[in-house]
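A short worksheet on the structure shown next.
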Amino acid sequence: MTPRLSIQPEPFDVAAEIAALTAELGGRAGAIVSFTGLCRDEDGQLAALELEHYPGMAEAEIGRVLDEAVTRWPLQGAVAIHRHGLIRPGEGIVLVLAASAHRSAAFEAASFLMDYLKTRAPFWKREHRADGTLGGWVEATEHDAAAAARW
């Protein structure tokens, strides 16, 4: 099983991605856990979130995290899609799929992947505010670091 990774500017279709993984697995999986991270409007204060990445480095780091998930849990499939560019409130930023024979491995692997994507994936986020101003670059929180530390 080779995990699938995409870093892309265009939106992803969650249902189509789940259907593709389901078809690829041909009935072998007992569970597919999905997580979709969305851009929030921050109570109407945010017009968009800008995500930048360093091509090549981002793919390599996310690939390492996917490979680690595959070695830690009995996964039959794993997908990570992360967007870059300008993302509007309500649009998907990240999609993680983890497929396994049993739900516990799929849930744990998906949670692991997201915790590490939040802290290790080399993306830089900047807020574009609704009033037309640019916000600062958004840092990972202590909560994010504590979540990743549990693994």
Side-chain angles (χ1 to χ4, degrees), residues 1-25 29 31-70 72-73 75-100 106-151:
M1 186 274 302
T2 302
R4 187 163 45 88
L5 164 63
S6 179
I7 298 175
Q8 62 193 48
E10 58 274 344
F12 48 80
D13 181 331
V14 176
E17 295 296 337
I18 292 171
L21 182 57
T22 301
E24 178 185 323
L25 295 174
I32 295 177
V33 169
S34 68
F35 174 83
T36 306
L38 304 173
C39 179
R40 295 183 301 268
D41 73 356
E42 300 294 350
D43 295 321
Q45 301 298 309
L46 191 67
L49 190 61
E50 177 183 358
L51 277 86
E52 293 184 6
H53 74 295
Y54 190 89
M57 184 170 73
E59 289 86 351
E61 184 58 31
I62 295 171
R64 278 191 287 277
V65 173
L66 278 165
D67 289 343
E68 186 174 342
V70 168
R72 291 179 74 164
W73 289 277
L75 297 181
Q76 295 164 327
V79 175
I81 300 173
H82 206 299
R83 290 185 58 203
H84 64 89
L86 210 56
I87 301 167
R88 308 274 176 209
E91 293 182 350
I93 298 172
V94 62
L95 174 66
V96 166
L97 303 176
S100 184
F107 272 114
E108 289 177 13
S111 186
F112 165 84
L113 287 167
M114 277 311 307
D115 285 343
Y116 274 86
L117 286 173
K118 288 285 288 184
T119 57
R120 282 180 32 192
F123 286 91
W124 297 271
K125 303 174 191 174
R126 181 169 48 180
E127 295 179 338
H128 288 246
R129 297 192 178 124
D131 65 7
T133 62
L134 278 178
W137 294 98
V138 179
E139 299 287 330
T141 66
E142 287 183 33
H143 179 266
D144 294 332
R150 68 188 172 123
W151 301 108

Taking only distance into account, with no hydrogens and no angle test, what donor-acceptor pairs under 3.5 Å do side-chain atoms of residues 4-15 form with protein atoms, sequence neighbours excluded?
unit_1, atom_1, unit_2, atom_2, d
R4, NH1, E17, OE1, 2.8
R4, NH2, E17, OE1, 2.9
S6, OG, Q8, OE1, 2.6
Q8, NE2, E10, O, 3.1
D13, OD1, A15, N, 3.1
D13, OD1, A16, N, 3.0

Tell me, do [X] and [Y] make a side-chain contact under 4.5 Å, heavy atoms counted?
| X | Y | result |
| --- | --- | --- |
| K125 | I93 | no |
| E108 | S100 | no |
| E127 | L49 | yes |
| Y116 | R64 | no |

ask   = Distance from L97 atom CG to L75 atom CG, nearest 0.5 Å?
value = 11.0 Å
request  = Could you grab the distance from atom CG of L51 to atom NE2 of H82, nearest 0.5 Å is fine?
outcome  =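 Reported value, rounded in 0.5 Å steps: 6.0 Å.
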Locate the shortest heavy-atom distance separating [X] from [Y]; write the atom from each residue and the value.
| X | Y | value |
| --- | --- | --- |
| M1 | A78 | SD-N, 3.9 Å |
| A121 | I62 | CB-CG1, 4.1 Å |
| M114 | V94 | CE-CG1, 3.7 Å |
| A109 | A98 | CB-CB, 4.1 Å |
| A69 | L113 | CB-CD2, 3.8 Å |
| A130 | G44 | CB-O, 3.4 Å |

inquiry  = Looking at E59 and G56, would you say the former's side chain and the latter's main chain have a donor-acceptor pair under 3.5 Å?
reply    =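 Confirmed, E59 side chain pairs with G56 backbone.
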request  = Keeping the roles fixed (side chain from T22, backbone from I18), state whether a donor-acceptor pair exists under 3.5 Å.
outcome  = yes
message = I'd like to know whether V33 forms a side chain to side chain contact (heavy atoms under 4.5 Å, CB included) with S111, so could you lay out the CA-CA distance, the side-chain angles of the two residues, the decisive distance to 0.1 Å, and finally the verdict.
response = CA-CA 9 Å; V33 169; S111 186; over 6 Å; no
ask   = With sequence neighbours excluded, what pairs up with R72 under the side chain to side chain donor-acceptor pair (under 3.5 Å) test?
value =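 Side chain to side chain donor-acceptor pair (under 3.5 Å) check on R72 returns E68.
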ask   = Who passes side chain to side chain donor-acceptor pair (under 3.5 Å) against E91, sequence neighbours left out?
value = R83
query = Yes or no on side chain to side chain contact (heavy atoms under 4.5 Å, CB included) for W137 and E52, after CA distance, side-chain angles and deciding distance?
reply = CA-CA 10 Å; W137 294 98; E52 293 184 6; 3.8 Å; yes
message = I'd like to know whether CZ of R40 has more than 12 heavy-atom contacts from other residues, nucleotides or ligands below 6.0 angstrom.
response = no
ask   = How about D43: does its CG atom have over 12 heavy atoms from other parts shown lying under 6.0 Å from it?
value = no
request  = Fit a plane to each ring of W73 and F112, take the angle between them on a 0 to 90° scale, and name the class: parallel (under 30°), tilted (30 to 60°) or perpendicular (over 60°).
outcome  =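 Ring orientation of W73 relative to F112: tilted.
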